[in-house]
Structures are given as C-alpha cells and as structure tokens.
There are 2 protein chains.
Amino acid sequence: MAYTIKDVAKRAGVGIATVSRVLNESPNVLPETRARVLAVIDELGYRPNHAARQLVTAKTNAIAIILPFLTRPFFIEVLRGIEAVVANSEYQLIIFNVDSPEQRTRYFNTLPFLGRTDGLLIVSLPLAPPEIKRLQAANLPAVMIDTQAANLPSVVVDNVGGAFKAVEHLISQGHQRIGFVSGQLEPDLGFTVNRDRRRGYEAALTAHHLPLQPEYLRAGFDRRDWGHQAALELLALPEPPSAIFAANDDLAFGVIDALRERGLKVGEDIAVVGYDDLEMAQLVGLTTIHQPMEQMGRKGAEVLLAALNEGTRRPTLYTLPVDLIERTSSSSKLSQA
Amino acid sequence: MAYTIKDVAKRAGVGIATVSRVLNESPNVLPETRARVLAVIDELGYRPNHAARQLVTAKTNAIAIILPFLTRPFFIEVLRGIEAVVANSEYQLIIFNVDSPEQRTRYFNTLPFLGRTDGLLIVSLPLAPPEIKRLQAANLPAVMIDTQAANLPSVVVDNVGGAFKAVEHLISQGHQRIGFVSGQLEPDLGFTVNRDRRRGYEAALTAHHLPLQPEYLRAGFDRRDWGHQAALELLALPEPPSAIFAANDDLAFGVIDALRERGLKVGEDIAVVGYDDLEMAQLVGLTTIHQPMEQMGRKGAEVLLAALNEGTRRPTLYTLPVDLIERTSSSSKLSQA
DNA sequence: CTGAAAGCGCTTACAG
DNA sequence: CTGAAAGCGCTTACAG
C-alpha cells in the first residue's frame, strides 16, 4: 500500500500533527522541522489520501459541470472556457452530460454530485423552483451559465437583443419579408433560447413597422436537417421571404444547403443570417451573431471559484454582449430589389 | 449538517452496521428490518458520505480522462463516446485537459488523479516508459485511446492504412502528383498521427510505383491556416500537384480555402482528400477518411470498466477500422488529364 | 513550536 | 440476522 502520514511522521521523527502542518503550510513549524519532513515526503513519494482529507475537512476540491448535448459546438466552447479557469485552480472538474428530460429530472432529484463536489456549474438548463430549493438546501454553491435562476448568480447573453440586431441588419439591407427558422419554442429541457430569439425577431419587425407573418415562422427542431426542410417550406410559399434569420448557425447551414439545392445564390438571391458564430460560419461566409461562448464559461467558472474561495455569493446577473458579424450571406447588393 | 448513518440507525432502532448492510444491499438483513431502515433513509433524505466510504473501501468511483485540445472535434467525439458509456455506470468522469508539453509532464509526474480515481483513460497522448512504470507502480488501471503502450490495453485506428486508402483512391482517379499536407511530424506532445499518415501516403505511392517527391511534403502545424499556406506553397511549385492529401480535415479546409482563393475549382481543377470525416466535411463535400471517433471512446471506456469490475486487465490492442468516404472534392472527372 | 488524542462517517470482521 | 468495536488516514483543538 501507499505510505501514510504515520510513515512520514515516524521516519521524520515527529508527530503526525506536525506532518499535517507541513502539508497544509501552517506557519507554526520550525524551518528545520519543515525541511526534515519535506525531505521524507519527497523520499517516500508520499501523497496525502484525498478521501481522508475530504472526510475531515468536508471539502472535495472538485466542482461539477452539468450540461446538455456535450457535442454541440456551443457547449464545447463553454466547457473549454470553464476548463481553462478550473485547470488553474486547485479544483478538479467532474462532468455530467444530460441529454434527455428523464435524465435531467433524475439528476436534479438524486443530486448525484452531492457530497462529491464543492460547487456546481449548470449550463443552459433552466431549473424549476423546487430544484433550486433543493440545491440551496444542500448548501451547494451553484452558478448558472446561459440560463438564469432568481437566487443564483447567472451568466447570460442577451438573446433577445442579439436576435434584434440580426433582424435589424436584414431590414437595413432593404429586406421586408424575413423568415424565422428555429428549434422548438417549448423544448423538453426547458431551454428558452429559441423563444428569446423569436422575441427579438418580432421586436425588430415591430420596431420597423413591418408585419408579423405567421407563415414566415418555422419552429421545429434544433437540427440542421430541420433548417433544410424549413427553408424549402418557406420557398414554397406564394410569397417567399427574401431573407431568412435562423436561430442558430447549425440551422442556418441547413437553410443554406436547401437554398443552394434550389439553385439560389446565398447573399445574392436571398440573404441568410445565423446565430452563434461557429467556426464553420466563417468558412461558409455566414453573417451571424457572435456569442462569447468561451468567455461565458470562463466567467461562470470565475464566479463560482470566487464564491468558493471568498464566500461571495450574491445572486448577480452577468449579461455578456453579442455582436453582429457581417459576411457574404447577407451582402447588400441584392436587397434593394 | 446532513444526516449521518448514526441518525438513521438511531431513528430506525438498529445499529449502524445494519444500516450499512442495507445501503450495500447485503443479503443478510431481515426483510422487515430492511424496510424499516429504508423508510427512515427516505424520510430523512439521508445520503451516505462519499469521502467516508472512499476512505474505508479505498474506491473512488471516479475515472479520469486525460486528453489534449479539448475543443478539437476529434477529441470531443471521443469524449462523447466515453461519457455515454461512463454515464451508464456507477462511475463519475473527471476531466483533465492537457494542452502543453509542460502541463503534460507535470501531470504524469504528479499524477494528480492519484487517489481520486479508480482508473484512467488516456487519449492520444503517448506515454514514455517511465511514465507507464509510474502508472503501474500506482496500480492504477489505465486504457490508452488513439495511442498505444506496450503493457496497457489500447484502442487505436489504423492511421497508416487509412492514409494508404486515401492516397490509393487519388491514384485510382488518375493522379500521379499528390501533395501531402500535415502537422508536425515530431510534435511536442509526441503524437504520431502525422507521421503514421505520412507513412501510409508514402506506402501507397511506392506500392503504385510513383516517385516520392520531397517538395510535395508540407509538414507544419495542426492548424487550418497552415493548410492554407501549405497549399499556396504547393501551387507555387514549378510542377504543382494535381491532388492534395491533407492529414486531417481541418488542414483540408485550409487547403480548400487557398485553392478557391487562387480560383481553382476543388474536385474539378484539383482534388483534395482529408482525414477524420468531421461533420463539416460533408457540408464542404470533402472526400475523407472516416474514423469511428465516438466508438473509440466507447470501446476505451468499456475496456476500462471491464478491467475495473472484473479485474480483466490484459494489455490487448484493439484496432478499429477506417473507411474512405467519397465526396465531390475528389470526383474523378478531372483526373484523367 | 509540537505531540497525543479525538473525531470525521463510513465498512467489515468478530461475536453472538 | 444483528450490534459493538476497530480502523481507514487525515485535521484540529487542546495542552504543554
């Protein structure tokens, strides 16, 4: 078996309390004692047992991140930001992927992270009031990212405002008939992105005195093939839109695919704007709304670590800005038609 | 504070050992006793303390995954496969991202996961003999994914064979001058992919009696912009290649960008083949080698869990197959030129 | 500055 | 089938 604190103490000729003090960098140790202990630790390759330490300190030195759809680029970027911050701390990162509503419910009912982590980072998953209560009862610091809860610090982006910017951009290019393609408005996991972005879409139209046309709204699924299908449906309309705003880049890629299939030149015959600014958006020349995804992760992790280290736990709302990135998919030469 | 096993025992009118037996599903408990204990557990919302359990059982119920470059699609896909398998087990997944050689060295020297995890999944990072020895000394089961170690179970794909397939495909389309764009052949972290794929490239040329032309080899960095630059360099050659094999899709995207900038039609004027079959490859019409990335993750996790649960720990090598996916970037109409 | 002792919350022989 | 007791490897008052 591995060496224990007793082995070190015996070999260094001190008590285990002294070894513990050296380990925990207590100032109350004579320099020569410390040196002797450190030498033995080094010699033996001793490493303190985490479980024992946890048991007595009631600290795990781990934080958990709970996120849906691990493979979607958005979440990956957020994860990357989180990881970067956590890696520079003393904490370890435990990951929980929640893909289905059942899984989600099970998680927040059993709180499997309880007692295994000192804090929680919840990405994009809205929490129901009883779930929030349960978290707080467990006294587990939590930070929400890309979603918010009344009593918890939350890091969000302005989805309504971003969508507004996107649609206003199309209007400024002369478009009057603008379709909106999105995922479900009331999805299983309770996301509000699609709804928020639609609100921005509607607000922009209204602000510019354009009519809201129900047939231009295509809410379906958060999948590229839905973007494809929705675009075909829009094109089949008696009066098809001259521009399409997709609630995320992935949908936009599906839209673009469909338009090309129909022989339309994106950015010339019809304009497309996405949302996310995935890496691929640049390659495709997609005008889109850039979200600071990695920065959301960083910010969330920083807020959590601050709460953990300094005990600051005010339920602040951090809203990160979004920007319109203009590319060729919405170039203006067509629009004045 | 949270309830402890003592609270449950007292309230149920039994000893703590009996509560423990119920918790651990020992058969030696009278059904009515069990029922009473379970009722109290439920009533109190009691949850056993992990640290205490770990301390006495010396099991953490966690496994760690160590991977580089968390955001690269390849690793994400592997991670996804791992997560899917681990989520269905009793284990939790701790993630360590290792991006720099210094970080890498530090990790394998300090083994920060030691005592925090029951097993290790190492993705793509080759281990030096002393590092392997250290792992084995720590008696920590480990499985290698996309890299191999002599004494450890390893899940790999046939990179040499995949590259061979890719180049042979180009040759079959009539190409004789085939460039090769890759990342560093001897990268800091010790990856061997680029080298392996180049070996496949060379083997295919040799097998078909084509000359190896040093000026067609462009080894630089694993970044899209290098693909871009390398392509420009190849085009500037007195006798530029008629086809380019890129060691991964991301490089291929850079290559394609450059070709388009130069006014070349990919798949007509010049052929391009990538490696990885990223989601984006389909959108771009890139012919490429498909790797079962998620499956590699699954397989690795399964092997590790088997080792953990059943104690099977034979150092088996699992080689997963790769396939050529033909798309428009290498369509044959040009090649007979 | 340092050591002996108590205690963290469990599991597991050992008796019965 | 069940309970009292020992022990896992630490940290932390408490004395000195």
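A, B, ... follow the sequence lines: proteins, then strands. Residue 1 opens every chain.
Shortest non-hydrogen contact noted between L125(B) and I66(B) is CD1-CG2, 3.8 Å. In plain terms, the two heavy atoms of I145(B) and M296(B) that are nearest each other are CD1-O, 3.9 Å.
Remark: R11(A) CZ is loosely packed, at most 12 non-hydrogen atoms of other residues, nucleotides or ligands lying under 6.0 Å away. Crowding of K59(B) atom NZ: a count of heavy atoms from other residues, nucleotides or ligands under 6.0 Å exceeding 12. Counting heavy atoms of neighbouring residues, nucleotides and ligands inside a 6.0 Å radius, atom CD of E25(B) does not exceed 12 of them.
For DNA chain C, the residues of residues 19-41 of chain A within the heavy-atom distance limit of 4.0 Å (strictly under) are R21(A), N28(A), V29(A), L30(A), T33(A), sorted by number. Contacts with DNA chain C (heavy atom under 4.0 Å) in residues 49-56 of chain A: L55(A), V56(A), listed by number.
Checking dT2(D) for Watson-Crick or G-U wobble geometry (two distances, each under 3.5 Å) identifies dA15(C) as its partner.
Of the side-chain N and O atoms in T57(B), none sit less than 4.0 angstrom from OP1 or OP2 of dT11(C). Phosphate proximity of dC10(D) to Y3(A): absent, as no side-chain N or O sits under 4.0 Å from OP1 or OP2. The phosphate of dG3(D) has OP1 or OP2 within less than 4.0 Å of a side-chain N or O from T18(B).
The residue among A17(A) and Y46(B) whose nearest nucleotide of DNA chain C is located toward the 5' end is A17(A).
Exactly one of V303(A), L79(A), I65(A) qualifies for a side chain to side chain contact (heavy atoms under 4.5 Å, CB included) with L121(A). That residue is I65(A).
Atom CZ of R47(B) and atom C1' of dC10(C) are 15 Å apart (whole Å). The distance between atom CD1 of I5(B) and atom C1' of dT2(D), rounded to the nearest whole Å, is 14 Å. Note: NZ (K6(B)) to P (dC10(C)) measures 10 Å, nearest angstrom.
A salt bridge links E294(A) and R298(A); the closest N-O separation between the charged side-chain nitrogens and carboxylate oxygens is under 4.0 Å.
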Considering only distance and modelled atom types, tabulate donor-acceptor pairs under 3.5 Å from the side chains of residues 12-24 of chain B, sequence neighbours left out.
from	atom 1	to	atom 2	distance (Å)
S20(B)	OG	N24(B)	ND2	3.3
N24(B)	ND2	S20(B)	O	2.8

Does the side chain to side chain contact (heavy atoms under 4.5 Å, CB included) test come out yes or no for V156(A) and L320(A), once each step is laid out?
CA-CA 6 Å; V156(A) 299; L320(A) 268 33; over 6 Å; no

